Amino acid sequence: MRNCAVVLCLLLMACAKAAPSRTATGDTLTRRQKDSVLGASRLPGARGIRGALSAQDSAAARNARVDSIQ
């Protein structure tokens with residue numbers, strides 16, 4: 001009886017469908033573009049997203065200046 005249950009479980013696992021992809025097919029926006037769209041919206045928290053994007057730009061510019069010195 002136990003062997004039958006194990007075989008049944010293995011058979012069910014073999015026939016199971018794969019999990020659907022988390023990204024939509026044809027999704028061409030980058031993470032930055034998506035965040036920019038959300039930051040431009042009037043949703044709650046959009047101001048925080050704009051601030052985070054600004055901080056990211058500032059850090060990237062600072063890193064570029066540091067890299068150009070060396």
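Any value given below was found using the heavy atoms of this structure, including those in side chains, with hydrogens, waters and symmetry copies removed. None of the values given here were measured: they were computed from a predicted structure.
- Residues passing the side chain to side chain contact (heavy atoms under 4.5 Å, CB included) test with Arg42: none are found, sequence neighbours excluded.
- Contact between Ser41 and Ala46 at its shortest, heavy atoms only, is O-CB, 3.4 Å.
- With sequence neighbours excluded, no residue forms a side chain to side chain donor-acceptor pair (under 3.5 Å) with Arg62.
- Remark: Thr30 engages Arg32, Gln33 in a side chain to side chain contact (heavy atoms under 4.5 Å, CB included) (not counting sequence neighbours).
- In the hydrophobic clustering, Ile49 connects to Leu38, Leu43, Leu53, either directly or through intervening members, whenever side-chain heavy atoms lie under 4.5 Å apart.
- When the side chain to side chain contact (heavy atoms under 4.5 Å, CB included) test is applied to Ala40, no partner is found at least two apart in sequence or on another chain.
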